[in-house]
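Quick notes on the structure that follows.
Note that the structure is predicted; figures quoted are calculated from it, not measured.
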Amino acid sequence: MKGEISLYVQAKHYGFAVHSGRSVYFQAGDFCRLTPGGPPPILGEEVEVEGLGTRSGGNLPQARRVSRTVCPSLLLGRVQSFDPDKGWGFANLAESEQILFFHASDLLEPWVPSVGAQIKFYSGHKPGRNRARACWVRPLRSRL
């Protein structure tokens, strides 16, 4: 059954996929990345949701397995702006002039992005919105 990632909380190792208009809970260990060391779930990415059951202690549907359908590509860009007080900014994609939104929760390291800094990230989007989003953002100097 097809779905898409609607939320992933890396620090707490769980997320949600939207399948047939319903939110489905999954744990990090239930997510198949396709490649060892691949990125965590990316907002808006298409996934295959399998083995629906009920989460213990509630009536929330839980997937036994959520699988990535396509291996995402790592992208390069530059920070166009970032407001540390508001916790969000914008990045330019290196290959084009496309502008992507990113939030402080998308930063994989404890750092404050500065204008012009080279970054690497994965492209995603918040379900229900067409605006592109930079996900799992890191400075270019670090390994992803």
Donor-acceptor list for residues 33-48 side chains, cut-off 3.5 Å, not counting sequence neighbours:
unit_1 : atom_1 : unit_2 : atom_2 : d
R33    : NH1    : G38    : O      : 2.4
E45    : OE1    : R68    : NE     : 2.7
E45    : OE2    : I42    : N      : 2.8
E45    : OE2    : R68    : NE     : 3.4
E45    : OE2    : R68    : NH2    : 2.8
E48    : OE1    : K2     : NZ     : 3.2
E48    : OE2    : M1     : N      : 2.5

Exercise. What is the distance from atom CZ of F16 to atom OG of S23, rounded to the nearest 0.5 Å?
Worked result: 6.5 Å
Exercise. From L108 CG over to I119 CD1, what is the distance, rounded to the nearest 0.5 angstrom?
Worked result: 11.5 Å
Exercise. Are W88 and W136 in one and the same hydrophobic cluster, where Ile, Leu, Val, Met, Phe, Trp and Tyr link if side-chain heavy atoms are under 4.5 Å apart?
Worked result: no
Seminar exercise, completed: Interatomic distance, CZ@F102 vs OG@S105, rounded to 0.5 Å, equals 11.0 Å
Exercise. Y8 vs F26 aromatic rings, parallel, tilted or perpendicular, using cut-offs 30° and 60°?
Worked result: parallel
Seminar exercise, completed: When V24, L52, D30 are each screened for side chain to side chain contact (heavy atoms under 4.5 Å, CB included) with Q62, the one that passes is D30
Exercise. Looking only at heavy atoms, which two atoms of A132 and Q98 are closest? And how far apart?
Worked result: CB-NE2, 3.4 Å
Exercise. Side chains of S123 and R133: closer than 4.5 Å at any heavy-atom pair?
Worked result: no
For this session: Using the side chain to side chain contact (heavy atoms under 4.5 Å, CB included) rule, take K12 and Q27 through it: C-alpha gap first, then chi angles, then the decisive distance, then the call.
Result: CA-CA 9 Å; K12 296 193 177 183; Q27 295 175 341; over 6 Å; no
For this session: Return the orientation label for the H103 and F101 ring planes: parallel under 30°, perpendicular over 60°, tilted otherwise.
Result: tilted
Exercise. What heavy-atom pair brings K120 and P139 nearest, and what distance separates the two atoms?
Worked result: CE-O, 3.7 Å
Problem set entry | Verify same cluster id: V18, V66 (apolar side-chain graph, 4.5 Å) | no
Seminar exercise, completed: Taken to the nearest 0.5 Å, the spacing of H125 NE2 from I5 CD1 works out to 11.0 Å
Exercise. Residues in side chain to side chain donor-acceptor pair (under 3.5 Å) with H13, at least two apart?
Worked result: none
For this session: For residues P84 and V112, report the shortest heavy-atom separation together with the two atoms involved.
Result: CB-CG1, 4.2 Å
For this session: Please round to the nearest 0.5 Å and tell me the distance separating atom CD1 of I99 and atom CZ of F90.
Result: 8.0 Å
Expected list for residues 71-82: side-chain donor-acceptor pairs under 3.5 angstrom, two or more places apart:
unit_1 : atom_1 : unit_2 : atom_2 : d
R78    : NH1    : G116   : O      : 2.7

